[in-house]
**Q** 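Got a structure for you, questions after.
Order of the sequence lines sets the chain letters (A, B, ...), proteins ahead of strands, with each chain counted from 1.
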Protein chains: 2
Amino acid sequence: MVLSEKQKELIERIGVFHEHKGMQPLVGRIMGLLLVHDDAEATFEEIVELLGVSKSAVSNALTFLQAKDRVVYTTKPGDRKRYFKLKVNDWRAEFERDLLKIAEIKTFVDEVLEERKDKGSDFCSRMQDFSNFLEFFKQEIPSLFERFKKKYS
Amino acid sequence: MVLSEKQKELIERIGVFHEHKGMQPLVGRIMGLLLVHDDAEATFEEIVELLGVSKSAVSNALTFLQAKDRVVYTTKPGDRKRYFKLKVNDWRAEFERDLLKIAEIKTFVDEVLEERKDKGSDFCSRMQDFSNFLEFFKQEIPSLFERFKKKYS
DNA sequence: TTTTCGGTTCTCTTTTTACAGAACTAACAA
DNA sequence: TTGTTAGTTCTGTAAAAAGAGAACCGAAAA
């Protein structure tokens, strides 16, 4: 396949978005490519050609994406190539991981509170509020998905 | 003040946590310092000395943190120094920003869906589910904070 | 069994990041 | 008016990240 201008531009923007999340440039662009690719999957060679990067870079990026459980590959009978695709089925699990990750700060908030000597201070009480909220938030996550499921069924 | 071993170690861990979120090392450690600092605030000079870094690095990091609305400074009469502290009051706004940020992917999902030609495919329908969920999620955010408020009052 | 294909690994280069250090500046102080 | 304080800005640099390119490797094909 050949990428349209619109597709190329989308890939770049999706790439930058993921870069801001801490991923390396090529990783983000590969995710972009797999999203806009007409077949929703691509071979190793195709990725190299469509993104104009080296085999080594693609190899490393794909290894990373597979380790992070974001990409899988399938094979086809009589074809040695691997067909890489995003695990779109798993958006729920992935999103849940993201939510838990941002709530992870609770660990530090709690440790800080334990360590501080000014327990009664305004500072500590604010931090305690935050910690309480984070606990509440974590507990709310499952019900969030359930409520969504109920709404769309 | 002087930092205890436990405080130093906490600062490093908080620093690394923020690094993983894409912030530069010193920015994360300054946030850590302001969290564990006995006074919950620190002067420019103190930050330089306690973290053992250069003035320029601290200046840039503080400028960044203020631009991101994470840190403010106060002054005291007859004292030219600035006392930098975290905006702990704003944890709610900050957390909301984080949530909106991870939901930002919806923009791309929707653009991808618009661009794709295989509208009826399994791939597209999964992506549409995800987009619907993200919309639902964004709408749920205010009520999340309200429910928390109600619970703790 | 040799060649080809599909991908990996290693080494080297380029680019970017993060910071140091010194010069600089604005405000106040002596 | 000169000096001091508190911080900023500029320039250089060490280290790390990102990727190129070539050598390599294993499985399958010829």
**Q** A side-chain contact here means heavy atoms from C-beta on lying under 4.5 Å apart; do Asp122(A) and Val88(B) qualify?
**A**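 A side-chain contact is absent here, since even the closest heavy-atom pair is not under 4.5 Å.
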**Q** How close or far is atom C1' of dC5(C) from atom OH of Tyr83(A), stated in whole angstroms?
**A**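 To the nearest whole Å, that distance equals 13 Å.
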**Q** Find the distance Ile30(B):CD1 to dG7(D):P and express it as a whole number of Å.
**A**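 These atoms are roughly 12 Å apart.
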**Q** Taking atom P of dT8(D) as reference, at what distance in whole Å does atom NZ of Lys81(B) sit?
**A** 15 Å
**Q** If you count every heavy atom of other residues, nucleotides or ligands that lies below 6.0 Å from Lys149(B) atom NZ, does the total exceed 12?
**A**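 Result for NZ/Lys149(B): open.
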**Q** Step through the shown structure and confirm whether more than 12 heavy atoms of other residues, nucleotides or ligands are within 6.0 Å of CZ on Phe136(B).
**A** yes
**Q** Could you state the atom-to-atom distance from CG of Asp79(B) to C1' of dT4(D) in whole Å?
**A**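 Going from Asp79(B) (CG) to dT4(D) (C1'), I get 14 Å.
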**Q** Please state how far atom CZ in Phe44(A) lies from atom C1' in dG26(D), giving the value in whole angstrom units.
**A** 15 Å
**Q** Rounding to a whole Å, what distance do you find between Glu19(A):CD and dT15(C):P?
**A**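 Rounding to the nearest Å, CD of Glu19(A) and P of dT15(C) are 16 Å apart.
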**Q** Do any pairs count as a ring-ring contact (aromatic ring centres under 6.0 Å, His included) and have a residue in residues 97-125 of chain B, sequence neighbours left out, and if so which ones?
**A** Phe17(A)-Phe108(B)
**Q** Give the cluster check for Ile105(A) versus Leu100(B): same hydrophobic cluster or not, with ILVMFWY residues linked at side-chain heavy-atom distances below 4.5 Å.
**A**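 Cluster IDs for Ile105(A) and Leu100(B) match.
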**Q** What residues form a ring pair (Phe, Tyr, Trp, His ring centres under 6.0 Å) with Phe130(A), not counting sequence neighbours?
**A**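 Phe130(A): ring pair (Phe, Tyr, Trp, His ring centres under 6.0 Å) contacts with Trp91(B).
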**Q** In whole Å, I'd like the distance from the CZ atom of Phe64(A) to the C1' atom of dT9(C).
**A** 19 Å
**Q** Taking the six-membered ring where the residue is Trp, are the ring centres of Phe137(A) and Phe95(B) under 6.0 Å apart?
**A**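 Yes, the ring of Phe137(A) comes within the 6.0 Å limit of the ring of Phe95(B), centre to centre.
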**Q** Please collect all salt bridge (charged side-chain N to carboxylate O under 4.0 Å, His left out) contacts where either partner lies in residues 16-33 of chain A, sequence neighbours excluded, each pair once.
**A** Lys21(A)-Asp98(A)
**Q** Within this structure, what is the CG-to-C1' distance between Leu62(B) and dT9(D), rounded to whole angstrom?
**A** 15 Å
**Q** On the nucleotide dT5(D), are OP1 or OP2 found under 4.0 Å from the side-chain N or O atoms that Arg82(B) carries?
**A** no
**Q** For nucleotides 25-30 of chain C, print each protein N/O atom paired with a nucleotide N/O atom at under 3.5 Å, atom names and distance only.
**A**
| residue | atom | partner | partner atom | Å |
| --- | --- | --- | --- | --- |
| dA27(C) | N3 | Arg80(B) | NH1 | 3.1 |

**Q** Using a cut-off of under 3.5 Å, enumerate the N/O to N/O pairs linking the protein to nucleotides 18-25 of chain D.
**A**
| residue | atom | partner | partner atom | Å |
| --- | --- | --- | --- | --- |
| dG19(D) | OP1 | Leu26(A) | N | 3.4 |
| dG19(D) | OP2 | Gln24(A) | NE2 | 3.3 |
| dA20(D) | OP2 | Ser54(A) | N | 2.6 |
| dA20(D) | OP2 | Ser54(A) | OG | 2.5 |
| dA20(D) | N7 | Ser56(A) | OG | 3.0 |
| dG21(D) | N7 | Ser56(A) | OG | 3.4 |
| dG21(D) | O6 | Ser56(A) | OG | 2.8 |

**Q** Can you pull out every salt bridge (charged side-chain N to carboxylate O under 4.0 Å, His left out) where at least one residue sits in residues 43-68 of chain B? Sequence neighbours excluded, please.
**A** Glu45(B)-Lys81(B)
